[in-house]
Amino acid sequence: MNGSRRLAAALKLVPRDWRESVARDLWDEPAPPSRLALRAASIGLRLRVARMRDALGHSHPRERITPMRDVTRDVTLAIRGALRRPGWSLAVIATLAIGIGANAAIYSVFNWVLFRPIPGAASPSQLATILFQTSKRQAQFFVSYRDVADLRDGVPAFASLAASTPMALDVVAEGETDPQRLDAEIVTANYFELFGVTPAPGRAFRPDEERPSASAPTAVISRSFWSRAFDGRPDAIGRTLRINGHPFTIVGVAPASFQGRSLVVATDVWIPIGAHMQVLPNQGPGLLTERRNTLFGDAFGRLRPGASLAVAQQQATAVAGTTPGFARRGNTSRDPVMPVLYEGVGPSTYARERLTTIFRLVMSAVGLLLLLACANAANLLLARSLARRREIAVCQAIGASRFRIVRQHLAEGVVLAATAGLAGLALAVLLTAAFDGMRLIAILPAVKGVSIDIRVVTFTIVVSLATGVFFAAAPALVSSRVDLNASLKDGLTTSRRGRPVLRNGLVMAQVAISVLLLVCAGLFVRTLSNMRALDLGIRTEGVVSFSVNPPRQGYSDDRARQYFRTVLERLNATPAIQDAAYSWTTPYLPMQSDNGFFVAGDATPHAAATPAVSRGYFGTLGIPLLEGRDFTDAESVGGGQSDSVIVSRSLARIVRPDGHALGSHVTLEYPKGKSVQIVGIVGDVRGRRVTDDPEPYMYLPAPDPVWGVVHVRSSAPLAETVAAIRRVTREIDSAVMPYDIEPFAASVDRALAEPRVLARLSVVFALVAAVLAGIGIYGMMACAVGERMREFGIRLALGAGAERLLSLVLRSAFAVTGAGVAIGIAAAAAVTRVFESRLYGVTRYDPPSVAAGCAALLLVALAASVLPALRASRVDPVRSLRVE
Amino acid sequence: MLTESTIIAMKGLDLLGEVEQLVLLVILRLGEGAYAVPIREELRRHGVALSRGSVYVTLDRLERKGYVRSWFDEPTPEPGGKARRCFAIRSDGVAVLRANQKLLRRLRAGTLLEPES
């Protein structure tokens, strides 16, 4: 670079308004250009540094003050003030960070499962979910392929419309022998186009792949499965996967960011609907035909640019109204099924509603926690502004307006809260990890790998700023109202009236909030333990269940029945296993068959749950046989033609009030008029929801199933039992994989997901709240004792004993705490109504919970005020009087 | 225009730095149209060696405070020729300078520095 170019570059350092004249001035003093460049650079740097320092620090009275510069100055002052008292600032920041962090963590977990747009999709705001619901929006149905086709033609507001059904499939990669069960979706061919996702390497599905074809069907795999099974090699395209025993050709790899239609389940394999016969043979070939009662899956649409969801909804409703047989699905109930459009793609309506109610509850609790943290920080700020009263008075005396001082306080609050927000965000990252593996509701898989996205960050920023303004507002208003005369005359005048009222009020609020949270935690914990202690009527220990579905591997019904018989025989012959039986469904799933029945001489039907079970089911699950006998093998094999039933005790009581219904006949509602005889009476079972009272059960003998759930009872350790199950099934046919192998207790446990989440979180919140309240009480007492040292000295000098001072201080602590506790109890009485329906076995006024909450808080108060009280009792009268 | 007494009454006296006072005084001496190079030269003649940067920083600050004003003179007669930034003191600058000097004088009174040699 030559000298003049270097000079030109150096002049760039000079502020623009000086650049030209500096160049001219330098030119006045002859010197080689390289030296001039050095001078220019030095001048430029000095000018810039000086301007920056002036802007940050010193105020110039003649300088034109812009609002922005004013804000900068407020913030600079606030930062300086915070740095000057690092311990105090740290205390405020830590307190707020706990509150903000907890809020951010809870929000990020629910954002992950509920709010965030579907990952990897292009312009997710244009996506919509089409659900088929009855007008009361209670029931929700899958759509049939024909319905999807009608909507495609009849709703021009949608640029495209696709459907997908999620399911687990048994997949064997080339060169492997054992199938792995992967999450998959069966989709219409335009599925990837709809989400705006382009598989690479490879391609998406072609329209003709929506039709059944004779050649090997195609599959798209996820990037994660690609790297797991094929080490990310490009030659995976064109290779073969065996899915449920049928060969599929891999044609594409989805991008890493795209995980399918679900927020929580990552899909690994997509196959086109044209291949449904290979994986869903029991649905029959009608899936793609005119039959509207063959259900397919959920429909998703992408709105055309400019089209609104409301227009699409109108068009969809019109299609439903004008297409004969639309969404008919064989049910002719009075309440027609209509397509209802929802913005975005996410959890199902049912899951969404359940999650939303939990979200509201937990968010209110964590919001209270933040409120408490704010009260705590406000108190710290108040204590400091007390110490700074003189400084503030000086500011006012030289002409600072009250607004100016309030603004300065608010700036301090915002600066501290912003720092706390950063710390809180870091805390949230740690806290969300604690949610890994936690199930929020029974029907969704456990939360995994929650990460913080822009929505969480935005949420945190908003919360932090609001927090800053909120917690600084009261101290700002109070401390700006300074009595100039008094403050300037004597910095040590004791507190004026307003201060302790606000300070004590803030502590009272903290105590009240923690009592409220403690009482709620007590109620939720007792609810959970009551639910756990429920007698389900089933002995779950040692019971392991698993599902098998041989028809998926192409078994004919006869072969499948034979398969089940063999499985039971072999399992029963295994030494580690005492009993084995099967049923069509398992308890604690919402899907259960129901039937009505009539007792002789009574025309009103009674409802009963009617599960079909094999011989040995009661023994395996430990349901006591009270009277009569179990089913025989002959009844089970009879293909459902047997007229023997076994009923639960409560059903027996319906038949005969004394319960001795053995041998009685009842008539079934379906098949109409069929008469069955009660051959056995067993104990009651809570089978659908653990908290429901036992329903009447009528067990039908299960004809050998073609698929179903097998239960085994074993005294061996779980791992051994699972190994035995895998060994037995592999020996029979390694292609038919047992899935959902889990201890029976786990399915009960899953049913308790919601109360468990509430109990756990509420306990954590309550503990944090109690600790924060303890810190608050300590701060209040330390401050109060400090102010009253002189008074205590006088009291001692006049003959008061140390123990009297001790009790004096403790009494004042308990006065505030007691008032807070009373407010907390009243608040709890009002607030617990919101979640009364979630309690089980406790009333919302549950005395033990309330008592425990109050006792815990009083203990905290005692612990927090002991130190200040001791300090008061040990005051040296001479020194304390000499202080001033 | 503000008189020195109103300035002091309204805002309190703006205490000028030594360099600020020196530069203001030199601008007064040189008269309208003073610019950085002669200002520095004049100071050097009185035995004060300031760096170029200090002169510019001080001029910049004085202007932002409203004590001096500046304008650009005729650019050099060549393509892309540069213009010089000239300074003159404002009435506020005079007032504040006077107030500062008066303050020094008042503080000096009765000390060993009085009477002036």
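A, B, ... follow the sequence lines: proteins, then strands. Residue 1 opens every chain.
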Side chain / backbone / both / neither for [X] at chain A, heavy atoms under 4.5 Å:
| X | answer |
| --- | --- |
| B/Ser54 | both |
| B/Arg90 | neither |
| B/Tyr56 | both |

CZ of A/Arg46 to CZ of B/Arg52, rounded to nearest 0.5 Å, is 12.0 Å
d(A/Asp25 CG, B/Arg40 CZ) to nearest 0.5 Å is 10.5 Å
field: Within 6.0 angstrom of A/Phe470 CZ, more than 12 heavy atoms from elsewhere
entry: no
Counting only heavy atoms not in A/Arg35, do more than 12 sit closer than 6.0 Å to its CZ atom?
no
Heavy-atom nearest pair, A/Arg24 first then B/Glu74, reads NH1-O, 3.6 Å
Note: A/Ala50 and B/Val57 closest approach over all heavy atoms is CB-CG1, 3.4 Å
Those residues of residues 15-22 of chain A that come under 4.5 Å of chain B on a heavy-atom basis, listed by number, are A/Asp17, A/Trp18, A/Glu20, A/Ser21, A/Val22
